[in-house]
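One structure below.
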Amino acid sequence: MALSGLEIFKKLPKTNCKDCGFPTCLAFAMQLAAGKVELEKCPHISEEAKEALSEASQPPVLKVEVGTGEDSFVVGEETVLFRHDRTFVNQNAFAVTINDDMSSDKIEEVVKKVNSIAYERVGQILKVDAICIKNKSGNREKFMEITGKVGSLTKKPLIISSEDPQTLKNVAETFRERKPLIHAASSDSVDLFIEIGKETGCPIAVRGKTFEDVMEVTEKMRDAGIKNIVIDIGVRNFKDDFYNQIILRMAAIKQKNRLLGYPTIVFPDEMTDDPLKEALIASVFVAKYGSIIVLSNADYQNIYPLLVYRQNIYTDPRRPMQVEQKIYEIGNPDENSPVLITTNFSLTYFIISGEIENSKVPSWLLVMDVEGQSVLTAWAAGKFVPELIARFVNQSGIADKVKKKELVIPGYVAQLQGELEDELGGGWKVVVGPREAGEVPKFLREYTGKK
Amino acid sequence: MDFQVPKNTYTGSINVVKLGKDNTEILIGGEHALPFYGFEGELPNKPVIAIEVYDKKPDDWPEIIGKYYNDVFDDPVRWAKKSIDEYGADVICLKLTRINPEGDDISPEEAADITVKVRESITRPLIVYGTGPMEKIADVMKKVSEKNAGTNILMGWVEEDNYKTIAAAAIGYNNNVIALNPLDVNIAKQINILLTQLGLPADRIVMDPSTSSVGYGIEYCYSAMERLKIAALMQDDKMTQMPIITNIAPEVWKIKEVRESEEAYPEWGSHEERAINWETISCMSMLLAGANILVMRHPKAVSLIKEAIKDLM
């Protein structure tokens with residue numbers, strides 16, 4: 001079990017050297033106990049103390065990696081129950097199911113779809129993380145064959161699920177270099193899975209009906225040196241699994257229960273036959289603590305909103321999301337289209353660009369890098385001021401794209417108008433736009449009508 | 001193996017607000033635990049769905065949503081009835097758009113008559129929203145409250161610097177008010193303090209911490225709402241204990257991921273199913289964060305959300 005801040009403090013050098021970034025060793029110890037900082041931040045700690053403390057310095061939900069290389073994914077390392085308390089750390093993985101009794105064509109179609117999904121949003125590429133192959137046929141040879149086939153069609157990490165431990169052992173041994181997640185060990189088969197884990201290094205999912213069941217298995221595995229563990233406590237029922245995910249995460253974080261402090265896997269695909277309801281259930285586990293979420297299909301209309309929602313929930317609330325500084329073309333603008341400017345706070349950008357689209361007036365939107373702040377905050381911080389705006393506008397190349405040099409600024413910084421015109425020079429005129437995004441369509445229609 | 005189920009400690013609860021009267025009456029709020037954490041405390045009243053009804057045909061609804069309401073667009077009474085009888089609305093959210101001085105500019109009197117007509121024809125409580133400049137909304141709500149005196153309608157909305165007229169109308173005629181804040185716990189509390197100081201009972205206030213769709217900053221709404229709920233339940237902060245409404249339908253239905261066709265974006269998949277997912281996932285997120293009333297639009301999204309609420313309660 002985890003150590004208290006004082007217990008940790010006893011093992012630190014007690015020199016208060018501040019090299020860790022904290023004013024005293026005690027302060028560092030407290031942060032360590034809370035799982036808010038890594039032990040490695042202390043450069044002077046003895047090897048002996050390090051070993052004793054390494055467990056205490058682990059995050060309450062341990063990190064697990066599935067797959068290898070560029071395409072692998074990492075889950076766990078979570079430290080809070082509510083994202084506003086700090087942030088959620090590693091976004092949940094989405095896996096799409098392949099049953100080994102599907103037709104060859106169907107399998108190819110699904111894998112191809114999974115491979116093809118890559119939506120760009122706010123500078124990130126949103127993808128499906130894994131394929132979950134289920135031994136629905138119950139046949140070992142069939143399962144081996146399908147796993148081989150899927151493996152040859154995709155580089156995505158694999159989750160290998162079968163009721164038969166011996167089948168899983170064979171698959172783990174054959175595909176060990178891909179480090180698939182092996183699903184699942186239970187109290188009956190734990191010794192075999194310890195052997196599989198030790199021999200192949202593959203992460204192992206543990207399935208139990210109760211928290212006590214799971215703890216019994218994870219304790220045996222942990223004591224045998226197996227670290228990469230994922231918990232499946234599902235009964236494949238929305239309400240019960242919602243409860244289970246919450247209790248698991250609370251046990252890990254509030255009680256520092258090491259035996260339940262592992263990432264989890266949930267199966268919305270087995271909770272309903274309606275793909276729309278499945279997407280809804282999956283979204284609940286994005287916010288409420290599912291680490292690997294298994295879906296029945298990779299149909300774009302279900303996957304796309306889930307991927308975007310995941311990106312939203314796992315955004316670090318301490319750091320505003322930013323979009324790239326550049327000229328955004330909205331609705332094929334030409335040399336007569338209006339030119340607007342705003343800041344690169346992603347929420348500001350999304351709302352403004354959305355309203356420009358709604359207006360159906362093709363426009364140039366200049367987005368200026370102010371470290372992701374909103375217009376008023378950036379202005380107050382001296383980052384969205386005439387001198388800097390003028391430098392950005394003049395370097396952006398917008399002057400070569402339009403005939404009429406008029407720049408629309410947000411209504412909240414109307415006071416910049418005169419000074420900005422002076423700074424811009426080159427015949428630029430500055431027009432004050434609306435204060436609220438919702439007024440942009442009306443403004444643009446009137447503004448361009450007048451022109 | 002010993003295991004003690006971990007538990008949050010709650011010191012406060014959400015106020016109970018009464019919507020409607022007699023046969024239309026329902027209760028909102030009253031929870032003693034986080035949303036759907038029924039295993040930790042009592043959740044006496046389930047979250048409810050309000051379906052939007054407009055006072056005239058909306059000009060920008062795509063066919064995938066318009067087809068469900070085409071036959072009632074010209075009559076808010078029939079629209080409200082259909083939303084209740086066929087689509088399962090728990091509450092009707094009537095949006096007065098014709099009051100806007102830039103549009104039809106109908107009088108407060110005429111607008112209030114519409115609200116009375118709708119209220120008297122339905123068996124569910126009524127929420128009334130105005131659109132347009134705040135001054136006009138205030139004039140209209142004054143009349144709306146007067147003509148619906150004592151019927152516990154919920155009126156949207158008041159803001160920090162514009163609350164007196166509508167709040168006074170709610171106090172004078174025994175109705176409820178939506179207090180809007182821009183994703184900000186402190187401003188939310190400030191408005192609630194101002195309203196209660198004016199004499200509006202705390203159990204006549206519903207908060208709207210602002211909302212947006214998945215992909216358009218919903219995470220800010222999620223956390224603002226979750227923080228309000230935690231302050232109310234775990235810190236017993238009285239000025240955060242009002243139930244929450246999210247007017248999310250217009251936010252979802254204006255984004256391009258919901259409006260654009262499959263022909264324009266084949267990589268986004270089926271248009272209607274995509275739009276339903278966008279609405280349900282946005283709504284479910286707001287429910288998990290603490291919404292007590294959801295303002296919704298697509299019938300299939302409504303039925304999915306109602307089913308999910310039933311599953312989790």
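Every chain is numbered from 1, with letters handed out A, B, ... down the list of sequences. No experiment lies behind these values; they were computed from the predicted model shown. All heavy atoms count here, side chains included; hydrogens, waters and symmetry mates do not.
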Distance check, rounded to the nearest 0.5 Å: B:Ser270 atom OG versus A:Tyr300 atom OH? 13.5 Å

Rounded at 0.5 Å granularity, tell me how far OH in B:Tyr220 sits from CG in A:Leu347. 5.5 Å

Atom group of A:Phe345 that falls short of 4.5 Å from chain B, counting heavy atoms: side chain

So which part of A:Leu260 gets closer than 4.5 Å to some heavy atom of chain B, the side chain, the backbone, both or neither? side chain

With chain A as the partner, which of B:Glu307, B:Glu226, B:Met284 has the greatest number of non-hydrogen pairs under 4.5 Å? B:Glu226

Test your reading of the model: is there a side-chain donor-acceptor pair from A:Tyr119 to the backbone of B:Glu267, 3.5 Å cut-off? yes

Can you tell which of B:Ile281, B:Thr280, B:Ile230 has the highest number of heavy-atom pairs within less than 4.5 Å of chain A? B:Ile281

Do B:Tyr216 and A:Ile351 make a side-chain contact, defined as non-hydrogen atoms from C-beta onward lying under 4.5 Å apart? no

Please check if atom NZ in A:Lys209 has more than 12 non-hydrogen atoms from other residues, nucleotides or ligands closer than 6.0 Å. no

Output the option from B:Ala224, B:Pro266, B:Ser223, B:Gly217 having the highest count of non-hydrogen pairs under 4.5 Å with chain A. B:Ser223

Distance (rounded to the nearest 0.5 Å) between B:Phe3 CZ and A:Thr210 OG1: 9.5 Å

For chain B, find which of A:Lys288, A:Glu219, A:Gln311, A:Glu216 contributes the most heavy-atom pairs closer than 4.5 angstrom. A:Lys288

Check whether any side-chain heavy atom of A:Met250 lies under 4.5 Å from a side-chain heavy atom of B:Glu40, and answer yes or no. yes

Can you say whether B:Phe39 sits under 4.5 Å from chain A via the side chain, the backbone, both, or neither, judging by heavy atoms? side chain

Side chain to side chain contact (heavy atoms under 4.5 Å, CB included) evaluation trace for A:Asn358 with B:Asp60: CA-CA 10 Å; A:Asn358 284 345; B:Asp60 60 345; over 6 Å; no

Just wondering, are more than 12 heavy atoms of other shown residues or ligands nearer than 6.0 Å to CG in A:Asn332? no

Main-chain N/O of B:Gly215 paired with A:Arg121 side-chain donor or acceptor, under 3.5 Å: yes

Under a 4.5 Å heavy-atom cut-off, does chain B meet the side chain of A:Glu357, its backbone, both or neither? side chain

Is any side-chain heavy atom of B:Ile305 closer than 4.5 Å to one of A:Leu280? yes

Within this structure, what is the NZ-CD distance for the pair B:Lys7 and A:Gln255, rounded to the nearest 0.5 Å? 12.5 Å

Could you state the interatomic distance from CG (A:Leu306) to CH2 (B:Trp278), rounded to the nearest 0.5 Å? 9.5 Å

Contacting region of B:Ser285 [heavy-atom separation from chain A under 4.5 Å]: both

Give a yes or no on whether B:Arg227 atom CZ has more than 12 heavy-atom contacts from other residues, nucleotides or ligands under 6.0 Å away. no

Under 4.5 Å from any heavy atom of chain B, what part of A:Lys277 do you find: side chain, backbone, both or neither? both

Heavy-atom contact with chain A under 4.5 Å, split by part of B:Glu102: side chain

Spacing of B:Glu219 atom CD and A:Asp316 atom CG [to the nearest 0.5 Å]: 11.0 Å

Cut-off 4.5 Å, heavy atoms of chain A, and the answer for B:Asp2 is backbone

Between the side chain of B:Asn277 and the main-chain N/O of A:Gln301, is any donor-acceptor distance below 3.5 Å? yes

Checking heavy atoms, do the side chain of B:Lys254, its backbone, both or neither come under 4.5 Å from chain A? both

Portion of A:Phe82 that has a non-hydrogen atom of chain B nearer than 4.5 angstrom: both

